[in-house]
Amino acid sequence: MLLGVNIDHVATLRNARGGKDPDTILAADICEQNGATSITTHLREDRRHIKDEDVRTLIKTLKTNLNLEMAVTEEMGQIAFEVKPHSVCLVPEKRQEITTEGGLDVAGQLEKITEFVKKLKSAGIIVSLFIDPSEEQVRASAKTGAQFIEMHTGQYSEAFGTEKEETEFLKLKNSAALAQSLGLKVNAGHGLNYDNVSRMHEIPGLHELNIGHSIISRAVFTGLAKAVREMADLTK
Ligand code: PXP
């Protein structure tokens, strides 16, 4: 499985002060040097973390691929045509949500999404649809012409270690098999962490995992000792 690292929360931290630290471009570079096979960012309508300038710089500096998550809006379509990321992952977006809460309702907006997918593909962009692992959404996704789905692993992640884990896991496994039988490639992500990620190996043919929050959270601790030591040396 490949690992796409989502760097949105490096930008969240940067935006808390409004300056340049921590630098999203340096963060992406370090991710690439340490095993990330792509960099994912979600350009939200409210620009709460990643900003347009981040995306425009990343596209020039990345050595791997940029996977740009976006809502199905005209504004985002324009940005995609201009920036031309390697891939776009279409996600639902609600202004008030803390993070992407559910999958895209492809079945309920088939015509609109099919049209959007067609335009992105005509610009040479690979398209993925972020959907809940359900038969209805997988079948609808296959009709849009998108090459990939990304299965929302949020429910599985929340259920991990509880009696609901197996049910949620089987939804992922069965949806992946169905998607592959319909010619789709399958990614997965949301809520994956250092404990629950290992079961993704039980899903045959998963292409890429997109993981952000748990990696950036762990980085605080794995990097904190060195950061304090360096400052302590400077302040001695
Ligand atoms: N995939 C998609 C489509 C997402 O929206 C997100 C969260 O922005 C992720 C993956 C990564 O989720 P997490 O930050 O929980 O690892």
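No hydrogens, no waters, no symmetry mates; every other heavy atom, side chains included, goes into these values. Atoms within each ligand, like the ligands themselves, are counted from 1 in listed order.
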query = With only distance considered, is His213 within less than 3.5 Å of ligand 1 through an N or O on each side?
reply = yes

ask   = Which of the atoms in ligand 1, numbered in the order shown and given with their element, are less than 4.0 Å from a heavy-atom of Asn210?
value = 10 (C), 11 (C)

remark   = For Asn6, the atoms of ligand 1 under 4.0 Å from one of its heavy atoms are 8 (O)

request  = Return yes or no for this condition: an N or O of Gly189 is under 3.5 Å from an N or O of ligand 1.
outcome  = no

inquiry  = Does any part of the side chain of Leu104, heavy atoms only, come nearer than 4.5 Å to the side chain of Ile113, both counted from C-beta?
reply    = yes

request  = Please check if the side chain of Asn174 supplies one atom and the backbone of Leu170 the other of a donor-acceptor pair under 3.5 Å.
outcome  = yes

query = Hey, what do you get for CE (Met76) to CG (Leu120), rounding to the nearest 0.5 Å?
reply = 12.5 Å

inquiry  = Considering both backbone and side-chain atoms of His9, is one of its nitrogen or oxygen atoms within less than 3.5 Å of a nitrogen or oxygen in ligand 1?
reply    = no

query = So, does Tyr156 use its side chain to make a donor-acceptor pair with the main chain of Asn196 at under 3.5 Å?
reply = yes

task = Would you check if the side chain of Glu32 reaches a backbone N or O of Thr37 as a donor-acceptor pair within less than 3.5 Å?
result = no

query = Is there a donor-acceptor contact under 3.5 Å from the side chain of Glu150 to the main chain of Ser128?
reply = no

query = Under a 4.0 Å heavy-atom limit, does His152 contact ligand 1 with its side chain, its backbone, both, or neither?
reply = neither

key: Region of Glu69 that comes within reach of ligand 1 [heavy atoms, distance under 4.0 Å]   = side chain

message = Under 4.0 Å from a heavy atom of Val91: which atoms of ligand 1 are those, numbered in the order shown and with their elements?
response = 3 (C)

ask   = Contact between Gly191 and ligand 1, counting heavy atoms under 4.0 Å?
value = yes

remark   = Those residues at least two apart in sequence (or on a different chain) that pass salt bridge (charged side-chain N to carboxylate O under 4.0 Å, His left out) with Asp233 are Lys236

